[in-house]
J.: 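I have a structure here, written as structure tokens, and I will follow up with some questions on it.
Note: hydrogens, waters and symmetry copies are ignored here, and every other heavy atom, side chains too, is used. Below, read A as the first sequence line, B as the second, and so on, with proteins coming before strands; counting in each chain starts at 1.
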There are 2 protein chains.
Amino acid sequence: MKKICSLLLIIAVSFQLKAETGYDLWLRYQPLQNQTVLTTYRQQISGITLGGNAETMKIIGEELQHGLSAMLQKKITVTNKSSSTASLIAATGISPLLAGTEVKKLLAQTGEEGFIILSQNINGQKRIIISGNTDKAVLYGAFHFLRLIQTEQAIHNLQVVSVPKVKLRMLNHWDNMNRTVERGYAGFSLWNWHTLPGYIDPRYIDYARANASIGINGTVLTNVNANATILTKNYLEKVKALADAFRPYGIKVYLTARFSAPIEIGGLKTADPLDEKVRQWWKDKVKEIYQYVPDFGGFVVKANSEGQPGPQDYKRSHTDGANMLAEAVAPFNGIIMWRAFVYSAEKNVDRHKQAYDEFVPLDGSFNKNVMVQVKNGAIDFMPREPFHPLFGAMPKTPLMMEFQVTQEYLGQATNLVYLGPLFKECLEADTYTNGKGSTVAKVLDGSFNKAQTLTGITGVANIGNDINWCGHPFAQANWYAMGRLAWDHSLSAERIAEEWLRMTYSNHPAFLQTASKLMMESRETYVQYSNPIGLHHIMGTGHHYGPAPWVSNLNRPDWNPVYYHKADSIGIGFNRTATGSNALEQYHPEARKIWENMNTCEEKNLLWFHHVPWTFKMKSGRNLWDELCFNYYTGAEKVKTMQQAWAGLEPYVDKQRHDQVRMLLNVQYDEAIWWRNACLLYFQTFSKKPIPANYPQPDKTLEYYKSLRFPLAPGN
Amino acid sequence: MKKICSLLLIIAVSFQLKAETGYDLWLRYQPLQNQTVLTTYRQQISGITLGGNAETMKIIGEELQHGLSAMLQKKITVTNKSSSTASLIAATGISPLLAGTEVKKLLAQTGEEGFIILSQNINGQKRIIISGNTDKAVLYGAFHFLRLIQTEQAIHNLQVVSVPKVKLRMLNHWDNMNRTVERGYAGFSLWNWHTLPGYIDPRYIDYARANASIGINGTVLTNVNANATILTKNYLEKVKALADAFRPYGIKVYLTARFSAPIEIGGLKTADPLDEKVRQWWKDKVKEIYQYVPDFGGFVVKANSEGQPGPQDYKRSHTDGANMLAEAVAPFNGIIMWRAFVYSAEKNVDRHKQAYDEFVPLDGSFNKNVMVQVKNGAIDFMPREPFHPLFGAMPKTPLMMEFQVTQEYLGQATNLVYLGPLFKECLEADTYTNGKGSTVAKVLDGSFNKAQTLTGITGVANIGNDINWCGHPFAQANWYAMGRLAWDHSLSAERIAEEWLRMTYSNHPAFLQTASKLMMESRETYVQYSNPIGLHHIMGTGHHYGPAPWVSNLNRPDWNPVYYHKADSIGIGFNRTATGSNALEQYHPEARKIWENMNTCEEKNLLWFHHVPWTFKMKSGRNLWDELCFNYYTGAEKVKTMQQAWAGLEPYVDKQRHDQVRMLLNVQYDEAIWWRNACLLYFQTFSKKPIPANYPQPDKTLEYYKSLRFPLAPGN
């Protein structure tokens with residue numbers, strides 16, 4: 001026995017060092033390494049008593065049992081018996097298991113989805129109670145408890161009460177029905193429509209588990225550039241199969257509605273939202289959908305934007321379109337998320353202003369079950385972007401935040417860029433609408449409108465069928481951060497990064513210190529070597545991969561990088577003050593105050609709002625051109641620092657994942673140099689100034705960079 | 001210690017029962033369950049002595065160490081020290097480690113790739129020697145040894161000498177550069193061209209390992225419907241990265257050559273193979289390729305087939321085209337595989353005859369480094385197809401077998417169909433060219449031509465980026481079988497199935513008995529419910545998914561199912577005798593003898609060669625129509641038997657993979673009913689006979705089946 005035992009020890013260790021594919025995400029449940037913590041947990045956790053055996057409750061039992069057994073290297077039993085003295089109780093508040101505890105009182109505050117985790121003495125025995133008002137809430141609590149163990153937190157006196165700050169916490173999949181993904185960098189769509197409904201890929205379940213573990217409760221399966229085929233009977237059967245798979249994990253399914261579907265699959269001659277036949281068609285279609293999916297969430301709609309059909313095709317308003325659909329889904333408690341990302345090539349107006357111009361006049365005109373879904377900024381998911389002026393400007397309309405988790409403009413699948421700081425920068429931005437402290441987060445969570453019943457944050461998913469789900473191993477952190485912030489926007493980006501690192505890699509302090517810094521600085525580094533000082537939208541055409549600030553020949557003026565940087569012999573940047581496009585007037589006077597003046601504007605947003613002379617003196621004492629050079633060179637060099645930092649983390653990471661990130665950081669460095677050289681060589685044709693001699697000069701010409709073509713770049 | 005030990009035991013067990021994704025293929029290296037066998041192995045295997053430290057030798061050491069440690073639950077050490085007394089020695093024949101052994105003598109027979117595994121007493125100690133003349137040969141031996149352990153074979157007296165029967169053992173990937181896969185049912189292409197060359201996906205390495213483990217030594221990365229872009233500098237750098245990754249595993253990289261590349265990427269006005277500029281362009285291009293990939297294997301070419309460009313566009317012959325390319329690659333020892341899959345819509349000749357008509361006159365005209373690559377049958381990878389008449393008919397030309405591993409016509413990713421019996425049926429078919437026993441396998445392996453230096457078998461890959469590589473868990477067996485048969489075509493399909501089952505699932509006798517039967521009967525079952533009695537090419541248009549025998553409106557006559565089944569009021573089937581297309585004349589008189597006569601023809605090929613009256617009396621005593629009904633109904637019912645058999649195997653398979661196969665068998669049953677009903681209802685419009693009353697009558701109409709559309713079916 002002793003001999004076998006030592007052999008097993010070796011195997012246990014070798015399992016742990018084994019290459020990981022990343023498939024397990026942050027739910028790896030590896031044996032805990034800290035022996036002190038492990039010993040304590042082993043004493044504290046004996047078994048689980050479950051208050052029920054509905055499907056979600058069974059999932060809770062399995063997840064706790066599997067996770068705790070693996071992490072504690074101890075067999076954890078699960079029982080439904082009320083006589084059990086297992087140390088862990090997972091049950092809803094009405095369970096007899098919790099009679100006589102403080103649970104009921106606490107649950108008065110937690111609503112439908114919030115949970116509590118409570119250390120209690122019951123009959124003289126120390127117990128940990130995970131509870132909520134619904135099974136789904138208990139599921140969230142169970143994942144939270146597992147997270148405490150995964151991150152090695154103390155559990156001897158738990159008093160956790162956690163309630164999500166917004167109600168709709170969602171993913172938008174820009175997945176086409178042929179499984180290509182618009183702006184997807186992690187392979188192809190998870191949804192294998194061909195083998196649905198008969199075949200439920202185990203990934204669908206793991207997808208639901210991962211989402212439930214961070215509180216995501218809705219998923220939009222299809223691209224906003226929608227295909228009406230998804231609304232046909234054949235495909236609704238497939239949608240139903242996914243909805244059935246996701247339901248026990250508390251995840252509702254939503255679809256995108258192609259506005260012209262009544263014509264394309266309904267055989268009507270029009271999709272006019274005021275046409276009675278059209279209205280009836282949608283009502284019938286929605287009724288049909290609910291027959292397949294009784295808790296169907298509703299529709300996301302991209303209308304009259306970038307060539308998509310919409311109510312304006314019939315001289316109707318966004319309100320007409322949204323309310324027609326809202327009426328159809330209302331009897332079933334469905335909602336409509338109507339996207340505000342609209343701009344028109346025909347209008348000679350700064351694109352920055354168009355969504356505000358179109359939507360603010362409509363405030364108050366939407367039905368109660370309509371949300372307007374607004375991107376974090378007014379242009380398009382740029383590496384850095386001031387908050388969208390619509391936030392705070394539509395007090396009578398619930399606004400849904402649309403973040404982009406997929407890194408379309410932020411290094412796609414090859415750059416390590418942690419988006420936590422970007423999300424937080426926007427959530428904490430002050431709209432001043434109701435005075436100082438009127439953050440975007442408060443606009444979203446209904447703080448300013450007690451009557452507001454719909455609140456939400458959504459993220460454009462970065463998930464594909466790559467084994468590790470997100471392509472870049474660190475891109476998983478952006479999915480994680482989106483979910484965690486949707487649950488609680490007050491969490492810091494640092495805290496989320498550390499949680500994710502602990503669960504995904506290691507609890508070792510030396511690892512955490514370095515890796516956390518690496519993540520926290522990564523987005524600023526990306527901005528610095530790609531779009532510093534407020535530059536934006538200067539990437540390659542179509543695929544948006546790499547720099548192409550010189551492009552000026554695209555059909556619509558505002559598709560061209562030159563429209564955005566406006567470099568000339570005098571200077572560079574987009575004048576959005578009163579002497580320019582005056583986009584700034586859309587912000588509250590307090591919010592725009594520091595931006596209006598070139599001398600007070602934060603330098604990170606300077607070229608976003610101002611056309612600034614090359615000779616303009618920056619806070620560093622350098623002129624603008626030299627500051628631009630400084631940023632591009634410093635940013636690229638920081639990638640070297642990232643490479644070095646990662647190299648030092650080799651002892652803490654399995655070889656496979658360490659190699660992956662190492663290779664990708666090499667690619668990232670090459671791309672950083674490419675951004676730096678291409679942009680500086682191009683802008684130099686305007687500034688006519690030299691790149692300071694202390695920097696290594698570009699070894700390729702501007703013509704070389706202009707000649708690069710990427711016909712097969714993904715995600716287009 | 002004792003307490004920890006028992007905990008570890010539990011963990012060890014729970015690891016083993018853990019859900020498996022299928023990613024590990026047949027290289028799972030799970031702890032052995034048979035305690036007797038395990039104890040013996042533990043005594044027999046102490047450690048490994050490696051004869052060298054080149055890259056391939058290191059891989060051998062790692063694979064043996066990892067595999068044996070995991071299976072034997074024992075730390076296996078690896079050393080290079082000649083003084084080691086480790087029980088296992090892996091070294092090439094020239095290694096001093098093997099001085100004084102019988103190895104040298106045996107290696108005289110094994111060539112460059114063959115290996116030996118030999119039990120020997122060295123200095124009174126029992127040792128196992130794995131050897132060959134090259135590191136690559138030792139790698140094959142190492143994987144063979146691991147297979148012995150995985151399948152629990154006795155190793156106390158090993159005398160294995162194994163030499164591959166053909167030299168080129170390859171996969172053809174029909175992967176497009178945008179990562180779609182023509183006839184791919186397991187997701188999208190493994191090759192992520194965008195992140196190459198900087199990022200070497202760990203899958204590339206596991207792909208190489210898996211191939212090396214079954215002896216595959218070449219891979220054609222790109223689709224035969226070729227894109228010239230792969231030959232541009234930017235992409236050759238990416239090809240080089242893959243070639244570098246595969247090289248240590250003994251795998252050479254090949255590409256497909258688009259015949260018009262000199263025009264498309266070379267800027268020439270013609271691709272005429274007799275034009276000097278064109279010839280020079282190819283020579284220069286090939287030279288460039290070899291600068292990137294010094295051991296580049298060569299090109300596969302699909303020319304003048306299904307719209308692809310080729311020499312006939314310039315009134316030149318296949319020989320002119322092939323020899324031009326052969327000349328370009330010859331200085332670098334490259335080869336050309338010129339595909340014989342050609343047919344012309346313009347010719348009013350049974351498509352069955354066209355490849356023979358075009359190629360037999362060219363026998364002897366090709367350069368020495370050209371192979372003609374021939375599909376197993378004359379039509380196109382049908383569920384059952386007589387062997388291609390070209391086999392045996394081009395004695396002066398090396399023929400390469402092209403099997404289809406991806407199940408284009410055999411249930412795609414949703415049907416469990418083991419192709420071992422199909423491959424064997426063709427390999428063992430008798431061409432009679434050099435008298436009785438002149439099997440297709442002997443034509444391939446050079447048995448009839450001692451001067452033949454090129455021999456090969458290739459398979460159109462069924463590999464995609466699905467986690468389990470092949471979509472259907474059992475589709476992995478077809479990849480495995482293709483490789484094993486390419487190494488040794490004399491292996492039986494049963495033996496290969498059992499090997500694969502043992503490695504992929506379990507060595508339990510009860511499991512093996514049932515699962516092996518399930519596999520062995522699966523292809524015949526598929527034939528029975530889809531294309532019985534020699535029917536062929538009656539599947540859906542374009543995507544080839546499901547039945548559509550009624551289709552008659554496609555551009556080319558021979559794209560239409562009605563061209564192949566020729567059902568009419570008299571009967572059904574394609575008359576290929578002297579009174580019909582006379583395709584039979586292309587076979588050796590002995591080979592075609594039994595086929596020529598409706599009364600002697602094996603019933604499995606009856607409708608392939610004959611137009612048979614509905615009233616024709618079959619061996620069963622039933623008339624043809626009733627026999628057709630019998631087959632369709634029996635085939636569909638057999639899927640039920642498969643479902644039941646699989647259900648009984650639940651104790652032996654982890655839940656995840658068991659569920660996957662269970663769900664897919666449900667889908668398969670539905671598809672079998674669909675084939676049965678659609679085909680019988682349609683053919684009934686000609687036979688005017690009832691479906692025998694003892695069968696459940698179709699519950700849907702022919703019009704219903706005709707109305708089904710699959711616009712998004714994969715693989716098209």
Side-chain angles (χ1 to χ4, degrees), chain A residues 1-2 4-12 14-15 18-19 21 23 31 42 66 69-70 72-75 177-180 185 187-188 192-195 198-203 229 234-235 412-414 465-467 471 545 656-657 659-660 663-664 666-667 670 708-714, chain B residues 1-2 4-12 14-15 18-19 21 23 31 42 66 69-70 72-75 177-180 185 187-188 192-195 198-203 229 234-235 412-414 465-467 471 545 656-657 659-660 663-664 666-667 670 708-714:
Chain A
M1 184 61 180
K2 201 161 171 197
I4 293 177
C5 183
S6 67
L7 294 174
L8 279 168
L9 264 173
I10 290 157
I11 299 305
S14 83
F15 271 119
K18 200 180 151 188
T21 61
Y23 181 83
R42 282 210 182 130
H66 164 56
S69 297
L72 273 49
Q73 299 178 58
K74 166 179 174 174
K75 189 170 164 64
M177 295 180 68
N178 64 3
R179 297 189 69 184
T180 57
Y185 312 101
F188 293 78
N192 187 341
W193 294 110
H194 181 65
T195 54
Y199 182 66
I200 301 299
D201 190 322
R203 276 199 104 140
T229 307
N234 195 13
Y235 279 85
Q412 303 191 353
T414 47
N465 75 339
D466 273 4
I467 290 186
Y545 173 60
Q656 176 154 327
R657 290 189 300 163
D659 277 354
Q660 285 179 297
M663 287 187 280
L664 288 166
N666 292 345
V667 173
D670 291 344
L708 297 177
R709 291 292 177 276
F710 304 93
L712 295 160
Chain B
M1 184 62 181
K2 200 161 173 198
I4 295 177
C5 183
S6 68
L7 294 174
L8 279 168
L9 265 173
I10 289 157
I11 298 306
S14 83
F15 272 118
K18 201 182 150 187
T21 61
Y23 180 83
R42 280 208 182 132
H66 164 55
S69 297
L72 273 50
Q73 300 178 58
K74 166 179 173 173
K75 190 171 164 64
M177 294 179 69
N178 64 3
R179 298 189 67 185
T180 57
Y185 312 100
F188 293 78
N192 186 340
W193 294 110
H194 181 65
T195 54
Y199 182 66
I200 301 300
D201 190 322
R203 276 200 104 139
T229 307
N234 195 13
Y235 279 85
Q412 304 190 351
T414 47
N465 75 339
D466 273 3
I467 291 186
Y545 173 62
Q656 175 154 328
R657 290 188 299 164
D659 277 354
Q660 285 179 296
M663 288 187 280
L664 288 166
N666 292 345
V667 173
D670 291 345
L708 297 177
R709 291 292 177 277
F710 304 93
L712 294 160

J.: Below 4.5 Å from any heavy atom of chain B, which atoms of A:Tyr545 appear? Answer side chain, backbone, both or neither.
T.: side chain
J.: If you take all heavy atoms of A:Arg179 and B:Gly187, which pair is closest and at what distance?
T.: NH1-CA, 4.3 Å
J.: To the nearest 0.5 angstrom, please state how far the CD1 atom of A:Ile467 sits from the OH atom of B:Tyr23.
T.: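 One finds 4.5 Å between CD1 of A:Ile467 and OH of B:Tyr23.
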J.: If you compare all heavy atoms of A:Met663 against all heavy atoms of B:Ile200, which two are closest, and at what distance to 0.1 Å?
T.: CE-O, 3.1 Å
J.: Among A:Asp670, A:Thr414, A:Leu664, who wins on heavy-atom pairs under 4.5 Å with chain B?
T.: A:Leu664
J.: Do you know which two heavy atoms are closest between A:Val667 and B:Tyr199, and how far apart they sit?
T.: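 Closest approach of A:Val667 to B:Tyr199: CG2-N, 4.3 Å.
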J.: If we only count heavy atoms from C-beta on, is the A:Asn465 to B:Asn465 side-chain gap below 4.5 Å?
T.: yes
J.: How far does CG of B:Asn192 sit from CG of A:Asp466, to the nearest 0.5 angstrom?
T.: 7.0 Å
J.: Would you compute the distance between atom CD of A:Gln660 and atom OG1 of B:Thr195 and round it to the nearest 0.5 angstrom?
T.: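 Atom-to-atom, A:Gln660:CD and B:Thr195:OG1 are 10.5 Å apart.
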J.: State, to 0.1 Å, how close B:His194 and A:Ala713 come at their nearest heavy-atom pair, and which atoms those are.
T.: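 Scanning both residues, the minimum pair turns out to be ND1-CA, 3.9 Å.
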J.: Measure distances from B:Phe710 to the heavy atoms of chain A and classify the residue's part below 4.5 Å as side chain, backbone, both or neither.
T.: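 Answer is neither: B:Phe710 stays 4.5 Å or more from chain A.
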J.: Where does B:Asn666 contact chain A at under 4.5 Å (heavy atoms): side chain, backbone, both or neither?
T.: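 Neither part, no heavy atoms under 4.5 Å.
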